[in-house]
Amino acid sequence: MDAKANGTRWWHGATLYQIYVRSWRDTNADGYGDLPGVIAGLDYLQWLGVDGIWLSPTMPSPDQDWGYDVSDYVAVHPELGTLADLDKLIAEAGQRGIKIVLDLVPNHTSNAHAWFTDARSGRDSVHRGYYVWADPVKGEGEAGAPPNNWRDATGGSAWTLDDASGQYYLHNFLPAMPDLNWWDPRVHEEFREIIRFWLDRGVAGFRIDVAHGLYKDAQFRDNPPLIGGGRLDGGFGLRPVYSSHQPETHAVYRDWRKIADGYTPQRLLLGETWMGDLGKMASYYGQNDELDLAFNFPFVFSEFSADALAGVVGQTLAALPAGASPVWMASNHDISRFPTRWAGGDERKARLALLVLATLPGTTTFYYGDEIAMTDVAVPRELRRDRMTPGVGTEGRDAERTPMQWNASASAGFTDEGVTPWLPFGDNATRNVAAQREDPGSTLCLLRDLLALRRREFAGQVVPYERLPAPPGVWSYRSGPLLITANFTGDPVPLPDRRDEVLLTTAPDAAPGAALSPWQGLITRTGGA
Ligand code: GLC
Ligand code: CA
């Protein structure tokens, strides 16, 4: 299918921008960012050159996991605004050529959701089957042991005993987030309706939370031990073979894809596919009949080196079905920001990463603050808000969720003077949007230039990519008509004699011509493209 001709795959060659709504802009002085705040930032995002916004969860929630515990799928969280605000956001973004993508959480609900309240009311309740229940294993202790060895996201048992009914319910995340039972066809019907509800309102698609979850092993077999492997392969000593990644899940996305494809322009299904195996990740694209895009975590957790990154990119492109678009990102609300994780606060490295993200084929995604190379913020223990990562020896996820640094004022331009923000500000005096907007040499202006170039050269296409020979530590590749040379070393690297037109460089002050300075990236145009 010629994506350009039918014009419907708006994410091809596009730039997405993730807004963690609570941290973007607070318009009613309660310390939390909100939907009117997103509207207030649209002009800025248009200026930056963003094509679509992924909003972190906007639905009502008791906020045990800041919106990922949904208590009503067809409404707006009162703390963030109203349905009218969301409609207005969709309309106003649309006027600026920006699409709105919502976060959809189908793996679990909040324990405050009406389905769970009913399910919990008794074994014969209407919604009992919407959740995953199991009898205790008798013989060990008074109440009986949990049915198997599955662990939740905090490391505790993934099962909580419901005293009233004497059965355990499953939660892969927090006890307040019971897992849905996708073996029940009624759950499928509920989500079809939820999806249509939002797509009918003009939402451009969904980022699907825990897309590899949904179904769980019907026999509740024990997860095997994790031997070797890293953060993407499991946790707490176990490989989640039976608690996620079930083959039946693919049929859900084929079903949703048919729904999404029924809309014009086509709506995006973008999965959070948290896994280390790129082949498995690619399987979520199906035969181009499941997810449109699957987030690439091996790329995120790659070492920041030419060979490691180029290796992941090459393997990704080889694994995807023909015609599919990869999607790249380097920061989000669950992982350390790349200006810290990859760049260690070194601006040159952060700029190089932005250049790479903006010139890879397919779809690219930035997390709010990436454009000013916002770093993680050390949030003091007593101010932390994330219950999932209580901070046993780590910063937890709050570090990457602090408010957007709009300007140098005491309120960072995030909220009113004197209001305490929900999480503390980083160093907004030295790093903020207002100052960088004034400075044509800033990282913000670099990304704006990169995105303008990206749109000019890539819009509507997944351009061909090819890695080119280069000196050690240098990643050189062709992306459509662009030739990228990225020096991932701390030394100057001689450049081959090139007469190509220089379009952009991350180090405009570096001596032109013969060498790339340390951590410098350069984009030229190849002749005859
Ligand atoms: C996803 C979200 C994360 C959340 C979890 C449970 O990984 O990105 O923030 O805690 O799912 O919904
Ligand atoms: Ca607010």
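Here the structure is a predicted model, which is why all the values come from computation and not from measurement. For the numbers below, each heavy atom of this structure counts, side chains included, while hydrogens, waters and symmetry mates do not.
Using a 4.0 Å cut-off between charged nitrogen and carboxylate oxygen, R257 and E290 do not count as a salt-bridge pair. Using a 4.0 Å cut-off between a side-chain N of Lys or Arg and a carboxylate O of Asp or Glu, D51 and R455 qualify as a salt bridge. A salt bridge links R22 with E79: at least one charged nitrogen is closer than 4.0 Å to a carboxylate oxygen. Contact check on R401 versus D334 returns a salt bridge, with a Lys/Arg side-chain nitrogen under 4.0 Å from an Asp/Glu carboxylate oxygen. A salt bridge is defined here as a Lys NZ or Arg NE, NH1 or NH2 lying under 4.0 Å from an Asp or Glu carboxylate O, and D69 with R387 fails to meet this definition. The pair R385-D398 does not count as a salt bridge, with every side-chain nitrogen at least 4.0 angstrom from each carboxylate oxygen. Between D118 and R128 there is no salt bridge, since no side-chain nitrogen of the basic residue lies less than 4.0 Å from a carboxylate oxygen of the acidic one. Salt bridge R196/E193: absent, no basic N to carboxylate O contact under 4.0 Å.
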Just distance, no hydrogens or angles: give the donor-acceptor pairs under 3.5 Å from side chains in residues 268-285, sequence neighbours left out.
residue	atom	partner	partner atom	Å
E272	OE1	V210	N	2.7
T273	OG1	F295	N	3.3
T273	OG1	F295	O	2.8
D277	OD1	G279	N	2.7
D277	OD1	K280	N	3.1
S283	OG	K280	O	2.5
Y285	OH	A294	N	3.2
Y285	OH	S325	O	2.8

Pairs of donor and acceptor atoms involving the side chains of residues 94-102, under 3.5 Å and at least two apart or interchain, shall be tabulated with distances.
residue	atom	partner	partner atom	Å
R96	NE	D43	OD1	2.7
R96	NH1	E92	O	2.8
R96	NH2	D43	OD1	3.1

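Heavy atoms only, all atoms of each residue included: I90 and G202 are closest at CG2-O, 3.5 Å. Of all heavy-atom pairs between M388 and D65, the closest is CE-OD2, 3.2 Å. When every heavy atom of Y465 is checked against every heavy atom of P361, the shortest pair comes out as CB-CG, 3.7 Å.
Note that the CG atom of L104 and the CG atom of D209 stand 8.5 Å from one another [nearest 0.5 Å]. Note that CH2 of W54 is 8.0 Å distant from OG of S56, once rounded to the nearest 0.5 Å.
D124 CG: 12 or fewer foreign heavy atoms inside a 6.0 Å radius.
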Taking it one step at a time, do L357 and F338 satisfy side-chain contact (heavy atoms from CB on, under 4.5 Å)? CA-CA 11 Å; L357 285 163; F338 79 77; 4.0 Å; yes
Let me see the working for D72 and H77 under side chain to side chain donor-acceptor pair (under 3.5 Å), right down to the final yes or no. CA-CA 9 Å; D72 180 357; H77 196 315; over 6 Å; no
Please determine whether side-chain contact (heavy atoms from CB on, under 4.5 Å) holds for the pair W159 and Y169, giving the CA-CA distance in whole Å, both sets of side-chain angles, and the decisive distance to 0.1 Å. CA-CA 5 Å; W159 299 92; Y169 68 87; 5.7 Å; no
Decide yes or no on side chain to side chain donor-acceptor pair (under 3.5 Å) for Q18 and H333, but give the supporting numbers first. CA-CA 9 Å; Q18 181 193 353; H333 63 291; 3.0 Å; yes
Show your reasoning for whether side-chain contact (heavy atoms from CB on, under 4.5 Å) applies to F206 and I208. CA-CA 6 Å; F206 301 98; I208 300 157; 4.2 Å; yes
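Pairs engaging residues 100-109 under the salt bridge (charged side-chain N to carboxylate O under 4.0 Å, His left out) rule: D103-R207 [sequence neighbours left out]. Listed by first and then second residue, the salt bridge (charged side-chain N to carboxylate O under 4.0 Å, His left out) pairs that reach into residues 164-180 are D179-K216, sequence neighbours excluded.
Using modelled atom types, one finds no donor on one side chain facing an acceptor on the other under 3.5 Å when comparing Y168 with S157.
Cation-pi geometry between R25 and W406 is met: the NZ or CZ atom falls under 6.0 Å from the ring centre, inside 45° of the normal.
Checked against a 6.0 Å centroid threshold, the rings of Y17 and W24 count as neighbours. Taking the centre of each ring, Y367 and Y20 stay at or above the 6.0 Å mark. Taking the ring centroids of W115 and Y73, they lie under the 6.0 Å cut-off.
Residues forming a side-chain hydrogen bond (donor to acceptor under 3.5 Å, both in side chains) with D233 (at least two apart in sequence, or on another chain): none. Residues meeting the side chain to side chain contact (heavy atoms under 4.5 Å, CB included) test with A29, sequence neighbours left out: D416, V419.
Ring geometry for H127 against Y130 counts as perpendicular: the plane angle is over 60°, on a 0 to 90° scale with 30° as the lower cut. In this structure, W422 and W66 have perpendicular ring planes: the angle between them is above 60°, well past the 30° mark.
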